[in-house]
Number of protein chains: 2
Amino acid sequence: MAIDLKAEQALKLWHEVSTAMVHGNEPDLTQRQFTILLTVYLEPPPHTVRGLAARLNVTKPVITRALDTMGAMKLLKRRRDERDRRNVIIQRTVEGSLFLETFADTVRTKARELPR
Amino acid sequence: MAIDLKAEQALKLWHEVSTAMVHGNEPDLTQRQFTILLTVYLEPPPHTVRGLAARLNVTKPVITRALDTMGAMKLLKRRRDERDRRNVIIQRTVEGSLFLETFADTVRTKARELPR
DNA sequence: CAAATTCGTTTCGTTCCCGTATCATTTAGC
DNA sequence: GCTAAATGATACGGGAACGAAACGAATTTG
């Protein structure tokens, strides 16, 4: 059975989750950074700087900088591709998985509490 | 019937909507700006700078600047409170309503297409 | 009516993100 | 081997957002 949302429910869901994130003290990621993080965790590897840039329609430095920032937060990590040492493979971390699990829980809770 | 999402569905929904927004050429709002916009459109008026700052746990200049930015985009507008001229009332606009309607449509479409 | 308070804005200095252009390293082609 | 191409990182200048503090205007208080 498909997930069917009314327009107001959709907005309310986004509002509550966003408010929870802004209000809380979780890592403060930009829209792009969060999108990059989700892409790495949801789409099949391997992920490269170039691939992510093309996938999200942004320039390469955007990806490099996002990896710097989120790498420092331990949400992602870089690894050299040994088969072609020009490439950098972006990998998940335990901390990143936990962060996204917590986020998913927030979404689920807010969705369940949505008025009909 | 409550909206019941699996963790993976929640992440996937966020990912697809975020990707659509990053990829598209819609107004580029920060997380905070978008949250402010949703608050103004979803919660009962009147909305003041001070009220929004307290509601979202941010400083007042954050609200003032967000109103500058989003006001220039015509997503919101300011009005003096004539009963107490120290206050500024934040109001919706037609453009803002349209923008959020389009956004809600994106969420609904992505939710409906979610795998089980 | 003078002083204190409230409200939104502005200023200041800082930090972060952006796109363009360029760089170093590695690989591929001849 | 030597040049050309590919990949990711970096330098640079510009713009936007940040928090803290100070400010002007309006209102409330004593």
Side-chain angles (χ1 to χ4, degrees), chain A residues 18-19 21-40 45-92, chain B residues 18-19 21-40 45-92:
Chain A
S18 299
T19 301
M21 298 197 79
V22 169
H23 194 279
N25 14 354
E26 286 151 30
D28 185 30
L29 302 179
T30 66
Q31 187 72 31
R32 284 176 166 189
Q33 287 169 346
F34 194 54
T35 305
I36 292 167
L37 187 68
L38 283 169
T39 301
V40 171
H47 299 286
T48 63
V49 172
R50 183 164 189 76
L52 288 172
R55 173 77 177 75
L56 301 176
N57 203 31
V58 298
T59 60
K60 285 191 296 175
V62 168
I63 305 294
T64 295
R65 284 185 292 250
L67 295 182
D68 290 343
T69 304
M70 296 199 281
M73 297 174 181
K74 309 223 184 244
L75 298 177
L76 287 174
K77 64 183 171 194
R78 280 185 255 227
R79 203 199 71 211
R80 271 285 159 200
D81 179 357
E82 290 305 332
R83 303 192 327 146
D84 182 342
R85 292 186 47 78
R86 286 174 302 184
N87 289 332
V88 161
I89 306 294
I90 294 98
Q91 293 181 299
R92 311 169 189 179
Chain B
S18 299
T19 302
M21 298 197 80
V22 169
H23 195 279
N25 16 354
E26 285 151 33
D28 186 30
L29 301 178
T30 66
Q31 187 74 30
R32 285 176 165 189
Q33 287 168 346
F34 194 54
T35 305
I36 292 168
L37 187 68
L38 284 169
T39 301
V40 171
H47 299 286
T48 63
V49 171
R50 183 162 189 74
L52 289 172
R55 173 79 177 75
L56 300 176
N57 202 32
V58 297
T59 60
K60 288 189 295 173
V62 168
I63 306 294
T64 295
R65 285 186 289 250
L67 296 182
D68 290 344
T69 303
M70 297 169 90
M73 298 174 181
K74 307 221 186 247
L75 298 177
L76 287 174
K77 64 184 171 194
R78 281 184 252 227
R79 203 197 72 211
R80 271 285 159 202
D81 180 357
E82 291 303 333
R83 303 193 326 146
D84 182 343
R85 293 185 47 77
R86 286 174 301 184
N87 291 331
V88 160
I89 306 294
I90 294 98
Q91 294 181 299
R92 310 168 191 179

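Order of the sequence lines sets the chain letters (A, B, ...), proteins ahead of strands, with each chain counted from 1.
Applying the 4.0 Å criterion to OP1 and OP2 of dA16(D), one finds that Q33(B) has every side-chain N and O outside that range. Within the 4.0 Å cut-off from OP1 or OP2 of dA9(D), at least one side-chain nitrogen or oxygen of T64(A) is found. Residue N87(B) places at least one side-chain N or O closer than 4.0 Å to OP1 or OP2 of dG8(C).
Taking atom CZ of residue F34(B) and atom C1' of nucleotide dA17(D), one finds them 19 Å apart after rounding to whole Å. Distance L29(B) CG to dA16(D) C1': 13 Å, rounded to the nearest Å. For the pair D81(B) CG and dT6(C) P, the interatomic distance rounds to 17 Å; values are reported in whole Å. With rounding to whole Å, R79(A) atom CZ is found 19 Å from dA9(D) atom C1'. We find that CG of D68(B) is positioned 15 Å from C1' of dG15(D), with the value rounded to whole Å. If you measure from atom CG of N57(A) to atom P of dC18(C), you get 13 Å, rounded to the nearest angstrom. Atoms CZ (R78(B)) and P (dG8(C)) sit 11 Å apart, rounded to a whole Å.
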Enumerate the protein-to-nucleotides 1-3 of chain C contacts in which both atoms are nitrogen or oxygen and the separation is below 3.5 Å.
none

Give each protein N/O atom lying under 3.5 Å from an N/O atom of nucleotides 19-22 of chain C, with the pair distance.
from: dG19(C); atom 1: OP1; to: R32(A); atom 2: NH2; distance (Å): 3.4
from: dG19(C); atom 1: OP2; to: T59(A); atom 2: OG1; distance (Å): 3.2
from: dG19(C); atom 1: N7; to: R65(A); atom 2: NH2; distance (Å): 3.2
from: dG19(C); atom 1: O6; to: R65(A); atom 2: NH1; distance (Å): 3.0

Close N or O pairs between protein and nucleotides 24-26 of chain C (under 3.5 Å):
none

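The line from CD of E82(A) to CG of N87(A) is 11.0 Å long, rounded to the nearest 0.5 Å. With rounding to the nearest 0.5 Å, the separation of OG1 in T35(A) from CG in L56(A) is 6.5 Å. Atom CD1 of residue I63(A) and atom CD1 of residue I36(A) lie 4.0 Å apart, to the nearest 0.5 angstrom. Expressed to the nearest 0.5 Å, how far CZ of R83(B) lies from CD1 of I89(B) amounts to 8.5 Å. Here the OG1-CZ distance, from T69(B) to R32(B), works out to 13.0 Å after rounding to the nearest 0.5 Å.
Mapping I63(B) and R83(A) onto DNA chain C by nearest heavy atom places I63(B) at the nucleotide closer to the 5' end. When each of A66(A) and E82(A) is assigned the nucleotide of DNA chain C bearing its nearest heavy atom, the one mapping closer to the 5' terminus is A66(A).
The minimum heavy-atom distance between D28(B) and M73(B), with the atom names listed, is O-CE, 4.5 Å. R86(A) approaches R80(A) most closely through the heavy-atom pair O-NH1, 3.1 Å. When every heavy atom of V62(B) is checked against every heavy atom of V58(B), the shortest pair comes out as CG1-CG2, 4.0 Å. Residues L37(B) and M70(B) approach most closely at CB-CE, 3.2 Å, considering heavy atoms. Among all heavy-atom pairs drawn from I90(A) and T48(A), the shortest one is CD1-C, 3.6 Å. Heavy-atom minimum distance, V40(A) versus R92(A): O-NE, 3.6 Å.
Counting only residues at least two apart or on different chains, the salt bridge (Lys or Arg N to Asp or Glu O under 4.0 Å) pairs with a member in residues 50-60 of chain B are E43(B)-R55(B). Identified under the salt bridge (Lys or Arg N to Asp or Glu O under 4.0 Å) test for residues 62-78 of chain A, with sequence neighbours left out: D68(A)-R78(A).
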Practice problem: Just do the side chain to side chain contact (heavy atoms under 4.5 Å, CB included) check on T30(A) and T30(B) with the steps written out, would you? | Solution: CA-CA 7 Å; T30(A) 66; T30(B) 66; over 6 Å; no
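Among the protein residues, Q31(B) comes within range of no part of the nucleic acid, since none of its heavy atoms lies under 4.0 Å from any strand.
Looking at V22(B) and Q31(A), their side chains come closer than 4.5 Å, going by heavy atoms from C-beta outward.
Among dA17(D), dT9(C), dA9(D), the nucleotide with an atom closest to any side-chain atom of T30(B) is dA17(D). The side chain of T69(B) approaches dA17(D) more closely than any other nucleotide in the set dA17(D), dA9(D), dG8(C).
Axis orientation changes by 10° from one end of the helix from dC1(C)-dG30(D) to dC30(C)-dG1(D) to the other, with each end axis drawn from 5 pairs and the value rounded to 10°.
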